[in-house]
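Contents: one structure, followed by commentary.
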Amino acid sequence: MIIARTLAELETARTRLDQTGFTPTMGALHEGHLALIAAAKQAGLTPTASIFVNPTQFGPNEDFSRYPRDEAGDLAKLEQAGCALVWLPSAETMYPDQAATSVRVAGPSRLWEGTIRPGHFDGVATVVAKLLGQMRPACAFFGEKDWQQVQVVRRMVADLLLPVRIVPVPTVREADGLAKSSRNRYLSSQERAAAPNLFAVMRETVRRIETGDAVEACLAAARAALIGHGMVPDYLALVHAENLEPLDAPSPPSRLIAAARLGPVRLLDNLAVG
Ligand code: PAF
């Protein structure tokens, strides 16, 4: 596996590879990330990845400085997974002092995470645009766990006519249904035991909506159930799967999306409806 830390090293390595399948990450890798590398391989592409904890997508009171970092462990996992090239840029490379450009995607960024974390998707779109330009992959792979992020990136790629195909990959879950996430490690054992209730409540809500129960009543019952499990829901909504606008009745493509705080962690999840 080639490790590139400068643009010159990346360029030398990059020209030796064609038809790559790129997985951008912030490190602290888990099976969800490795499923993206596996999907690139399965698509017949040469897997590449980046590790960069992107400061511009964290708010001032968020966990940028505490975000888990384990470069040696991550590189071992990527090598084992068959990744051909990993890009480890510095903050100076990604955000030179004189930088004056950022990417802002309206539409799917507007609500939900976009409201709760102002500026978050500007940071994501900006860094993903830079990484795609640096890596020039045929396809880029993103986990469906961050459903809204996938829609924002897809919108950006379509609007900027970027020559890359965005491939969403289904969420990887623990045996009890909890979506894998780098931040799950911050849950206490009691919180970890309660966390799978988010998926369980959402699955039951999807079942009820699909059998024709009134959406608002289903969402109200689900919010109450989450609170009963010790969570503080930030949002739980039925939305159009691509533009993320709220729906009061399922109308494909629709998605149930949720974020709930549990102790120090915000759990995010989403499920297809109908
Ligand atoms: O999903 C993530 O880990 C990040 O948002 C991404 C896409 C790597 C951009 O920093």
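One-based numbering, in listed order, for ligands and for the atoms of each. Keep in mind that this is a model prediction, so the values were computed, not measured.
The side-chain contact (heavy atoms from CB on, under 4.5 Å) test with Phe142 singles out one residue from Val167, Val169, Val153, and that residue is Val153.
Near Val127, meaning under 4.0 Å from one of its heavy atoms, ligand 1 places the atoms 9 (C), 10 (O).
Between the side chains of Ser251 and Ser254, no donor N or O sits under 3.5 Å from an acceptor N or O.
Contact annotation for Thr25 and ligand 1: only backbone heavy atoms (N, CA, C, O) come within less than 4.0 Å of the ligand.
Of all protein heavy atoms, the one lying nearest to atom 10 (O) of ligand 1 is Gln57 OE1, 2.6 Å.
The side chain to side chain contact (heavy atoms under 4.5 Å, CB included) check on Leu88 picks up Ile3, Arg5, Ile51, Glu71, Leu75, Val86, with sequence neighbours excluded.
A distance of 4.5 Å separates CG in Asp234 from CZ in Arg266, rounded to the nearest 0.5 Å.
Looking at Gln149 next to ligand 1, an N or O pair under 3.5 Å apart turns up.
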